[in-house]
Number of protein chains: 2
Amino acid sequence: MEATRWLGIERPFGLFLGMARPSGSDAGVTGPRVRAAAERLFAKFGYAAVSMRQIAADVGIGAGALYHYTPDKQTLLSRLMRDHLEELLDAWDAVDPGGDTVARLEAFARFHIRFHLDRPDAVFIAYMELRSLEPGSFAAVETLRRRYEAVPEGILRDGVAAGRMQVGDVKLGAMALIAMLTGVNTWYRDGGRLDRTAVEEIYANMARGMVGVG
Amino acid sequence: MEATRWLGIERPFGLFLGMARPSGSDAGVTGPRVRAAAERLFAKFGYAAVSMRQIAADVGIGAGALYHYTPDKQTLLSRLMRDHLEELLDAWDAVDPGGDTVARLEAFARFHIRFHLDRPDAVFIAYMELRSLEPGSFAAVETLRRRYEAVPEGILRDGVAAGRMQVGDVKLGAMALIAMLTGVNTWYRDGGRLDRTAVEEIYANMARGMVGVG
DNA sequence: GTCTATATATTGATAGAC
DNA sequence: GTCTATCAATATATAGAC
């Protein structure tokens, strides 16, 4: 059977199950690969420094073919950032233990470190490329970011109200906590002196001390 | 007198004191203006996104004239970063109170916030454009950054040795402290709910709690 | 769904006039 | 010290063949 016939003729999808797919067809898998390549390259070199050709080359397709998966470069960036923050919010909702405020604080600290260490590229982009967003996307991302900041803020407010925590200012305490925890991404490397669990434990203790938990 | 004569004829420098300078002559002041424009634009849009033409336009000269002040764009960036970190180290040496470890910790926290809030553009560049540096410049900047990290590390080590502080790991405590303090730059704005002194006070307290100062 | 070819704009850096 | 003109490279995005 000639390759040209394979490529040119439409066939019912089921015919390809378990078979080598014709090389021109990657329905459903190229999209995610474009996304992954963009995330990796944007994090490594910065949005402005990465060309659509670089992304295409990383995926293994031509530059023109990229535009079947995103209308433009800007949309590629803004979708990465929005999806990252929405996933972050959903993930916390799924693990929030509720109840005791000190327990929630510790759970938040451990969750934040774990989630962020698992996605260093997305985290870096979400913090560094805000300036590369057009106004509309920027506003949407800011809203999501503020919703996440409200999480530790709520925990601290409850903790102070319950007399379990002492902090000069709840809002500042939340910002300080997030900055401290996110900072782990700048130095942690797998295989280093301390593993993730040890790091989580140490930071959870510092988080407690920071807000006056005796 | 014709403008062409003013521009074309060399004159002793003293002749221009107190007079309007001929428009083509800015000896000694254009250099710093190039530097300032680059710092502002790199911080706002990112190194890769800023063109030499943009910098020149901001200064009010043509693109070609820029190359009298820097051999290339990369040198402009690396000099900004190195100078910033050297100034940071010198500034701490000038205010380090020495002696009591808890007093030094508080002094460091206040100093770090103050110094960084005064130079938001340089700080942002120093943290975000490491990836834009060529290997040689990168190594030099990393060395300076590590020297600064050694400051809080030394304070914590002394504090733990003196039994005044408790921290799970000295190195992690130093990194957490720096990240927490630098984070102020992401949200602080003059004229907001709290002024700089109030912010310094609150963060100094959180810093103490973080390392177990009772 | 991918390719090649291309339109149009912009980039960093240099040369030479004044 | 600044200007104008320019080179060679590269950018995003589109059009149309297969």
Side-chain angles (χ1 to χ4, degrees), chain A residues 2-13 15-16 20-35 37-38 41-42 45-78 132 134, chain B residues 2-13 15-16 20-35 37-38 41-42 45-78 132 134:
Chain A
E2 293 177 42
T4 50
R5 290 179 60 89
W6 270 102
L7 293 171
I9 296 173
E10 287 228 333
R11 292 166 183 279
F13 186 76
L15 263 182
F16 298 115
R21 302 285 292 286
S23 68
S25 170
D26 279 322
V29 321
T30 305
R33 300 214 317 144
V34 167
R35 212 189 121 93
L41 293 170
F42 287 166
F45 302 108
Y47 173 77
V50 174
S51 70
M52 293 298 267
R53 280 174 179 78
Q54 261 181 280
I55 297 171
D58 194 271
V59 174
I61 60 178
L66 272 186
Y67 292 85
H68 285 279
Y69 303 99
T70 179
D72 50 40
K73 193 185 173 189
Q74 170 73 204
T75 302
L76 204 45
L77 174 66
S78 65
S132 302
E134 284 163 3
Chain B
E2 294 179 44
T4 50
R5 291 178 61 89
W6 271 102
L7 293 171
I9 297 174
E10 287 228 330
R11 291 165 184 281
F13 186 77
L15 264 181
F16 298 117
R21 303 284 293 285
S23 67
S25 170
D26 279 322
V29 319
T30 305
R33 299 218 315 145
V34 167
R35 214 189 119 93
L41 292 170
F42 287 166
F45 303 108
Y47 173 78
V50 174
S51 69
M52 293 298 267
R53 280 172 178 79
Q54 260 182 280
I55 297 171
D58 194 272
V59 174
I61 60 178
L66 271 187
Y67 292 86
H68 285 279
Y69 303 99
T70 180
D72 49 41
K73 193 184 175 190
Q74 170 73 204
T75 303
L76 204 45
L77 174 66
S78 65
S132 302
E134 285 163 2

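Convention: sequence-line order gives letters A, B, ...; per-chain numbering from 1.
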Hey, what do you get for CG (B/L77) to CD (B/Q74), rounding to the nearest 0.5 Å? 6.0 Å

Nearest 0.5 Å, please: how far is CG in A/L41 from CG in A/D58? 5.0 Å

Looking only at D/dA13, D/dA11, D/dT2, the nucleotide nearest the A/Y67 side chain is D/dA13

Could you tell me the separation between the CE atom of A/M52 and the CG atom of A/L76, rounded to the nearest 0.5 Å? 6.0 Å

Atom CG of B/L66 and atom P of D/dT2 are separated, to the nearest Å, by 9 Å

OP1 or OP2 of C/dT10 under 4.0 Å from side-chain N/O of B/S51: no

For B/V59, answer base if it contacts any base atom (sugar-phosphate contacts may also be present), sugar-phosphate if it contacts only those atoms, and nothing otherwise; contact means non-hydrogen atoms under 4.0 Å. nothing

Here the pair of heavy atoms bringing A/P32 nearest to A/V29 is CD-O, 3.4 Å

Map B/Q54 and A/G60 onto DNA chain C by nearest heavy atom, then report which one ends up closer to the 5' terminus. A/G60

If you take all heavy atoms of A/A49 and A/Q54, which pair is closest and at what distance? O-OE1, 3.5 Å

Rounded distance (Å) that lies between atom C1' of C/dT10 and atom CD1 of B/I55: 15 Å

Here the residues of residues 71-78 of chain B within 4.0 Å heavy-atom distance, strictly under, of DNA chain C are B/D72, B/K73

So does B/T30 get a side-chain nitrogen or oxygen closer than 4.0 Å to the phosphate oxygens (OP1/OP2) of D/dT2? yes

Contiguous pairing runs of three or more, Watson-Crick or G-U under 3.5 Å, that involve DNA chain D: C:1-7 with D:12-18, C:9-18 with D:1-10

For atom CZ of B/R53 and atom C1' of D/dC7, their distance in whole Å: 11 Å

Does the side chain of B/R35 come within less than 4.5 Å of B/Y69's, by heavy atoms? no

Please name the pair of heavy atoms, one in B/V34 and one in B/I55, separated by the smallest distance, quoted to 0.1 Å. O-CG2, 4.2 Å

Counting only side-chain nitrogens and oxygens, does B/Y47 get under 4.0 Å of the OP1 or OP2 atom of C/dT11? no

Please work out if A/G64 contacts a base, only the sugar-phosphate, or nothing of the nucleic acid, heavy-atom cut-off 4.0 Å. base

Nearest-Å distance for atom pair NE2/P, residues A/H68 and D/dA17: 14 Å

Nearest to the A/M52 side chain among C/dT2, D/dG1, D/dA13, which nucleotide is it? D/dA13

Tell me: CZ of B/R33 to C1' of D/dT2, nearest whole Å? 13 Å

Measure the spacing between CD of B/E134 and CG of B/D72 and express it to the nearest 0.5 Å. 7.0 Å

